[in-house]
2 protein chains.
Amino acid sequence: MRILIIEDETGISNFLKQGLEEQGYETSVATDGLQGIALAKKQKPELILLDWMLPKLTGIEVCKKIREKDKKTPILFLTAKDTIQETIEGLKSGANDYIKKPFSFEELLERIKIHFRNEGTAKIITLGNIEINLLKHSVLAGGQEVNFTQREFDLLQYLIENKGRVCTRNEIIENVWGIHFEYDTGVIDVFMNAIRKKLKINKEEEFIKTIRGVGYMADDTH
Amino acid sequence: MRILIIEDETGISNFLKQGLEEQGYETSVATDGLQGIALAKKQKPELILLDWMLPKLTGIEVCKKIREKDKKTPILFLTAKDTIQETIEGLKSGANDYIKKPFSFEELLERIKIHFRNEGTAKIITLGNIEINLLKHSVLAGGQEVNFTQREFDLLQYLIENKGRVCTRNEIIENVWGIHFEYDTGVIDVFMNAIRKKLKINKEEEFIKTIRGVGYMADDTH
DNA sequence: TACTCTTCTTAAGCAAAACTTAAGTTTTTT
DNA sequence: AAAAAACTTAAGTTTTGCTTAAGAAGAGTA
């Protein structure tokens, strides 16, 4: 459980760092926006505490930048601002929550916990009769356990998490492989093939559709 | 997208109901805690707005009760309370968020949207009884799913996005095919033909008109 | 370190689907 | 009725995706 603190006032960041570490969280501190964006990308923390007022880039800008790449990690704004307009602006830029300075540490902790709730509770996502357990890293197809390699697992997970929406190959390469330039070889196709083969224990229904010229889509609505 | 409002003051609940419905949400209203719990169970709303002060059961108690059965649906507290201690108590009881009265409707909306983020906001555009879903890359004509190829899809999408305006062939070739010089062969006509054929499940109305000497126009203002 | 086993990636052949062209047909306009 | 524009069809070409197999890269173990 790593929390990234993006905050330029060392008084506050030290206070947070120490308090959070006492609670068993790991922490990293960035003292400006650019560093914050870099760390968010590199360390993939589970949650980000972001100060509104920062040197170089404002919190809003940092938030937007992070959200470009990463839509999921909760971002919690620390703000002295109190006007509705500015709060809304923060939320619009992609933050999940905000807390007004001065805040009690206890309140902050509760807020953080909200975002971690459901973390430990077995994450199971499904597609038709296929069930994948993110904690156990296991895949059940029609009740039968099937062996999946890491890549196969990641790919299937990505598709299921984006169920009902076409995923382009570039998008997949970017999100599953983490490659940020144009897709070339047919790796995805090969993995798709492997996944389908392994899942096709009962092959009546096609849960993973090929959308020719576009990409692939997981879909279990009928 | 159904939102359950648990609130005893009808002034506030009406205000919320009306505002949310204008935004396209469906709403239900419960005027006390017990009714709220019952509706939460029965209707399975996507989000719950819960007043702190309620007759019969307090908001906290309602929240806990709902959370016993349902760990996932976001619960958002509406509270006049402003003390840290009470806020914390609310969060501990399982709420995902809270907003202090008096609040601006705009702020509430943003808060609600946070919890709906990542939900597949289906991008659907329509032309008469034809419905195309950009995320699923699917086309429904009169409720029937029709198979479209990439080009056909792009072309139809382009026409619909420019509904009510004539699109010249050159414009189409430029925007759909990405060719930046003079149009020559009759490709567009061929595709138009294919599209019409596929869509003409009920052919009374001509949603795609030929404007002789100019181009084509999608139009559903009968 | 070397050996082994597993997983990942590349490349090539094949088949099917989609795209384009062109020629003949129909419709519209003058 | 003639000419122009649009429609339709079908055949040839190109693109795309599937599948397989072989070799590269990585992980684990002696």
Side-chain angles (χ1 to χ4, degrees), chain A residues 132 137-139 145-159 166-200 203 206-219, chain B residues 132 137-139 145-159 166-201 203 205-219:
Chain A
I132 98 175
H137 225 261
S138 66
V139 178
E145 175 130 19
V146 189
N147 252 12
F148 265 57
T149 71
Q150 183 68 28
R151 269 282 145 75
E152 289 164 355
F153 191 89
D154 291 349
L155 178 49
L156 182 60
Q157 176 181 352
Y158 184 75
L159 286 174
V166 183
C167 304
T168 65
R169 290 197 171 69
N170 277 322
E171 197 190 320
I172 292 172
I173 270 289
E174 170 121 13
N175 289 290
V176 178
W177 271 259
I179 297 170
H180 298 294
F181 41 87
E182 193 71 2
Y183 164 76
D184 215 0
T185 58
V187 223
I188 296 177
D189 306 51
V190 173
F191 273 87
M192 229 62 212
N193 185 237
I195 290 176
R196 283 173 166 160
K197 219 184 244 173
K198 287 187 179 181
L199 291 180
K200 227 166 267 168
K203 60 177 71 182
E206 256 316 347
F207 291 126
I208 300 175
K209 291 183 183 136
T210 303
I211 312 295
R212 194 167 231 261
V214 190
Y216 296 93
M217 175 168 74
D219 192 12
Chain B
I132 99 175
H137 227 260
S138 67
V139 178
E145 175 133 17
V146 189
N147 253 12
F148 265 56
T149 71
Q150 175 73 10
R151 270 281 145 75
E152 290 163 357
F153 191 89
D154 291 349
L155 178 48
L156 181 60
Q157 176 180 353
Y158 184 75
L159 286 175
V166 184
C167 303
T168 66
R169 289 196 173 69
N170 275 323
E171 196 190 322
I172 292 173
I173 270 288
E174 169 121 14
N175 288 289
V176 178
W177 271 257
I179 298 171
H180 297 295
F181 42 83
E182 193 70 3
Y183 165 75
D184 216 1
T185 58
V187 224
I188 295 177
D189 306 51
V190 172
F191 274 87
M192 231 59 215
N193 182 236
I195 290 175
R196 284 172 167 160
K197 216 186 245 170
K198 287 186 178 181
L199 291 180
K200 228 166 268 166
I201 294 172
K203 59 176 70 183
E205 297 188 281
E206 256 315 348
F207 291 126
I208 299 174
K209 291 181 183 138
T210 303
I211 313 295
R212 191 164 232 261
V214 190
Y216 297 91
M217 175 167 77
D219 191 12

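A note on names: the letters A, B, ... follow the listed sequences, proteins ahead of strands, and every chain is numbered from 1. From a predicted model like this one, the values you see are computed outputs, not experimental measurements.
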Produce a footprint string for nucleotides 19-30 of chain C: one letter per nucleotide, 5' end first; B if the base is under 4.0 Å from any protein heavy atom, S if only the sugar-phosphate is, - if neither. SBBB----BBS-

Is any side-chain nitrogen or oxygen of Arg196(A) closer than 4.0 Å to OP1 or OP2 of dC18(D)? yes

Does a nitrogen or oxygen in the side chain of Tyr216(B) sit under 4.0 Å from OP1 or OP2 of dA5(D)? no

Minimum heavy-atom separation for [X] and [Y], please, with both atom names.
X	Y	result
Thr149(B)	Glu152(B)	N-OE1, 2.9 Å
Asn147(A)	Lys198(A)	O-NZ, 2.9 Å
Met192(B)	Leu155(B)	SD-CD2, 3.9 Å
Val176(A)	Arg151(A)	O-NE, 4.1 Å

Provide, to the nearest angstrom, the distance between the [atom1] atom belonging to [X] and the [atom2] atom belonging to [N].
X	N	atom1	atom2	answer
Lys209(A)	dA17(C)	NZ	P	17 Å
Ile211(B)	dA5(D)	CD1	C1'	14 Å
Ile188(A)	dT10(C)	CD1	P	11 Å

So what does Phe153(A) hit on the nucleic acid, given a heavy-atom distance under 4.0 Å: a base, only sugar-phosphate, or nothing? nothing

Which part of the nucleic acid does Phe148(A) contact within heavy-atom distance under 4.0 Å: base, sugar-phosphate only, or nothing? nothing

Hey, what's the ring geometry for Phe153(B) with His137(B), parallel, tilted or perpendicular (30° and 60° as the breaks)?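 It falls in the parallel class, under 30°.
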
